[in-house]
Amino acid sequence: MPAIVSRYRSHTCGQLRSSDQGQRVRLSGWVHSYRDHGGLVFIDLRDREGLTQIVFDPDTCGQAVHDEARKLRSEWVISIEGAVGPRGQGLVNPRLATGEIEVHASQLEILSQSPTPPFLPDFEVADADAPKEERRLQYRFLDLRRAEMQQTLRVRHQVTRIMREYLGALGFWEIETPFLTKSTPEGARDFIVPSRLQAGSFYALPQSPQLFKQLLMVGGCDKYMQIVRCFRDEDPRADRQAEFTQLDVEMSFIDRQDIIGHMEGLLVQIWKEVLGIEISTPIPHMDYDQAMNLYGSDRPDLRFGMQLHDITELAHTTDFGVFKNAPMVKCIVVPDGAKMTRAQTDALALWSKEYGAKGLAVTKVSGEGFDTGIAKFINPIAGQIIEMTGAKNGDLLCFAADKPKIVHRVLGELRLKMARDLQLKPSSQFAFVWVVNFPAFEYDEQEKRYSSTHHPFTAPLDEDLKKLDGRDQETIESIRSKAYDIVCNGSEIGGGSIRIHRMDTQQKVFSLLGIDDAAQKLKFGFLLDALQFGAPPHGGIAFGLDRMVMILRNIGNIRDVIAFPKTQSGADIMCGAPSPIDDRQLKEANIRSIMPVIKPPAASE
RNA sequence: GGGGGCGUAGCUCAAUUGGUUAGAGUACCGGACUGUCGAUCCGGUGGUUGCGGGUUCGAGCCCCGUCGCCCUCGCCA
């Protein structure tokens with residue numbers, strides 16, 4: 001990208017080529033590195049676009065400028081003027097885009113000096129000697145200077161630009177929705193904001209603009225999009241941050257397939273422009289049931305096999321108590337896993353307990369039968385299992401026997417872990433799948449009530465609508481919804497649904513969720529009102545921008561795709577947020593802290 | 001809230017069973033050097049071992065507490 005020409009520069013540090021030889025240019029940027037030969041001084045000058053080698057030769061720039069150049073240090077900001085020249089024979093640097101040329105400086109202006117920085121922005125996160133993340137977060141402005149971070153921010157910008165262009169061309173309007181809004185009773189924990197003007201009342205930051213975008217449809221806006229921050233006050237994870245960004249989309253007078261088709265087009269465009277990769281369409285669909293049965297997950301990673309095999313019936317024919325009495329028995333085949341040691345398989349069993357398993361049964365395929373582990377209990381069905389699973393000599397079989405929920409969870413996670421360990425996940429491959437026909441409701445054992453699998457505004461499939469009047473658990477759990485998730489490489493990068501646009505249906509769903517008439521009126525009165533006054537059929541989707549960029553850049557840590565992320569305790573260790581506020585601010589907000597001691601902020605300096 | 005890992009020079013790490021003056025690479029400072037691009041060569045500075053207690057003749061190492069970071073379970077409609 002060319003420079004915006006100003007008094008500071010005629011070109012960027014990534015721009016000049018051998019065709020520019022002879023030109024007088026002015027470049028500005030940071031001193032990336034310096035090599036002082038006494039007579040000659042070489043500076044690699046860096047800006048967003050790249051590196052250019054600057055040469056200070058006393059014969060060209062004069063003794064005074066040369067003396068100044070010898071004082072330059074890492075990360076000083078300078079501006080130079082000079083002539084573009086060829087590099088001599090054998091002096092071309094093929095690792096630099098500008099490596100065929102160098103600029104022979106005639107002038108030097110020091111714009112900013114810097115003390116020795118805590119680290120130099122010349123590493124990659126994967127380097128063995130890369131600074132700790134904590135340090136990078138503390139000096140984020142230095143970390144952002146690294147080529148790797150700049151490339152990620154560039155991709156992130158590219159993605160949002162494509163989203164706006166693509167959807168804009170289809171007639172979507174970008175409309176903002178409030179950040180100071182009403183606490184939502186369902187879902188994640190809200191971030192809350194005290195009201196100064198209404199003492200004792202609080203706003204909540206939106207977990208998503210869900211209701212507002214539906215109201216925009218009722219408001220006749222027809223096609224809405226927004227790239228918007230969402231807030232959920234839950235513990236972060238490697239792929240989760242308390243504040244994150246969604247591409248939020250909603251359309252009127254459409255059905256599921258309309259949304260899926262248009263959003264596929266958007267994904268195709270993004271992958272094409274950012275990576276030069278053609279996603280093959282149509283992206284396959286998979287029923288939720290099938291995903292759970294074959295992959296133990298509602299976001300299956302389809303880059304590799306290792307599917308779950310249901311051997312419940314066979315298992316019930318054995319005398320092995322663990323199998324005989326379990327509601328479900330399934331297994332996966334770990335290719336070439338028989339070489340794992342007893343200690344390793346024992347470690348797997350221990351690991352599986354994290355996911356609720358009582359244990360993990362294993363055995364190794366040896367010739368026509370099984371060897372070690374639970375072999376002696378199940379050798380009578382060995383032939384059938386081998387036939388059913390296609391297991392080969394030298395493979396490891398891992399079994400889970402429990403309630404379906406736990407069996408799927410444990411084997412689903414084990415499948416991913418084995419693929420990681422065996423490096424079966426090619427990072428250059430992208431396996432997309434739409435997961436559809438989710439159950440609308442699930443019974444929450446702890447709360448003793450139903451909750452929405454997606455959210456309470458998701459429409460049930462038409463053929464399941466009448467089941468909303470059902471009372472028994474089996475009927476209610478068999479209701480499927482018009483929800484859909486887009487999954488890529490085992491990561492849910494988007495999800496949406498066709499919404500309920502009829503007040504009576506919405507009321508039935510609320511009632512089923514245990515929200516009585518009074519509570520409905522109090523919490524969702526405005527939505528029911530809106531549905532009453534002429535709501536068009538509508539539906540939409542939201543994409544997780546952070547996760548999409550993670551996949552596009554093959555980055556495993558969400559903090560590395562966010563310019564200013566927070567730590568696992570929700571802190572910004574650069575600026576020291578969150579921090580205590582003084583009594584006057586508390587009083588103005590009409591709140592009082594119950595914390596006796598206020599610890600000092602963790603800010604640097 | 002639970003489980004696990006980590007915290008030593010500016011940065012990345014090492015330090016035997018608890019034992020002399022806590023080392024290395026890199027960065028930094030000074031010097032030499034006109035074709036380097038991980039420059040090279042010579043010399044040098046640099047430590048509250050996260051913090052607070054305890055045990056011991058003696059603690060980077062052991063014990064208790066505490067703070068911070070990472071992974072993970074719970075949580076995330």
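These numbers come from a predicted model, not from an experiment. Numbers restart at 1 for each chain; the letters A, B, ... are given by sequence-line order, proteins then strands. The analysis underlying the following values was restricted to heavy atoms, covering all of them including side chains, and did not include hydrogens, waters or symmetry mates.
Salt-bridge formation is not detected for the pair A:Glu100/A:Arg17: no Lys NZ or Arg NE/NH1/NH2 atom is positioned less than 4.0 Å from an Asp or Glu carboxylate oxygen.
One finds no side-chain N or O of A:Tyr34 lying less than 4.0 angstrom from the OP1 or OP2 phosphate oxygen of B:A27. Phosphate proximity of B:C69 to A:Ser569: present, with a side-chain N or O under 4.0 Å from OP1 or OP2. Residue A:Lys353 places no side-chain N or O under 4.0 Å from the OP1 or OP2 atom of B:G3. Here A:Lys132 does not reach the OP1 or OP2 of B:C6: none of its side-chain N or O atoms lies under 4.0 Å away.
Residue order along RNA chain B, read from the 5' end via each residue's closest nucleotide, puts A:Pro118 first among A:Pro118 and A:Gly38. With the nearest nucleotide of RNA chain B identified for both A:Pro86 and A:Phe119, A:Phe119 has the one nearer the 5' end.
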For a quick check, with a 4.0 angstrom heavy-atom cut-off, what is the B/S/- contact string for nucleotides 71-77 of chain B, read 5' to 3'? BBBBBBB
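Remark: the separation of the P atoms in B:U55 and B:G60 is 16 Å, to the nearest Å.
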Tabulate below the donor-acceptor pairs under 3.5 Å that side-chain atoms of residues 344-354 of chain A make, not counting sequence neighbours, or state none.
| residue | atom | partner | partner atom | Å |
| --- | --- | --- | --- | --- |
| A:Gln344 | OE1 | A:Thr341 | N | 2.8 |
| A:Gln344 | OE1 | A:Thr341 | OG1 | 3.3 |
| A:Thr345 | OG1 | A:Thr341 | O | 3.4 |
| A:Thr345 | OG1 | A:Arg342 | O | 3.0 |
| A:Asp346 | OD1 | A:Arg342 | NE | 3.1 |
| A:Asp346 | OD2 | A:Arg342 | NE | 3.3 |
| A:Ser352 | OG | A:Ala349 | O | 2.6 |

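Two rings, from A:Tyr34 and A:Phe42, have their centers 6.0 Å or more apart.
Remark: the A:Arg87 side chain and the B:C37 base include a donor-acceptor N/O pair separated by less than 3.5 Å. With hydrogens and angles ignored, a donor-acceptor pair closer than 3.5 Å exists between the side chain of A:Glu102 and the base of B:G35.
Judged by ring centres under 5.5 Å apart and planes tilted less than 30 degrees, A:His37 stacks against the six-membered base ring of B:A39.
Remark: P of B:C28 and CG of A:Leu72 are 13 Å apart, rounded to the nearest angstrom.
For the side-chain hydrogen bond (donor to acceptor under 3.5 Å, both in side chains) with A:Asn437, the qualifying choice from A:Asp464, A:Asp289, A:Asp287 is A:Asp287, the only one to do so.
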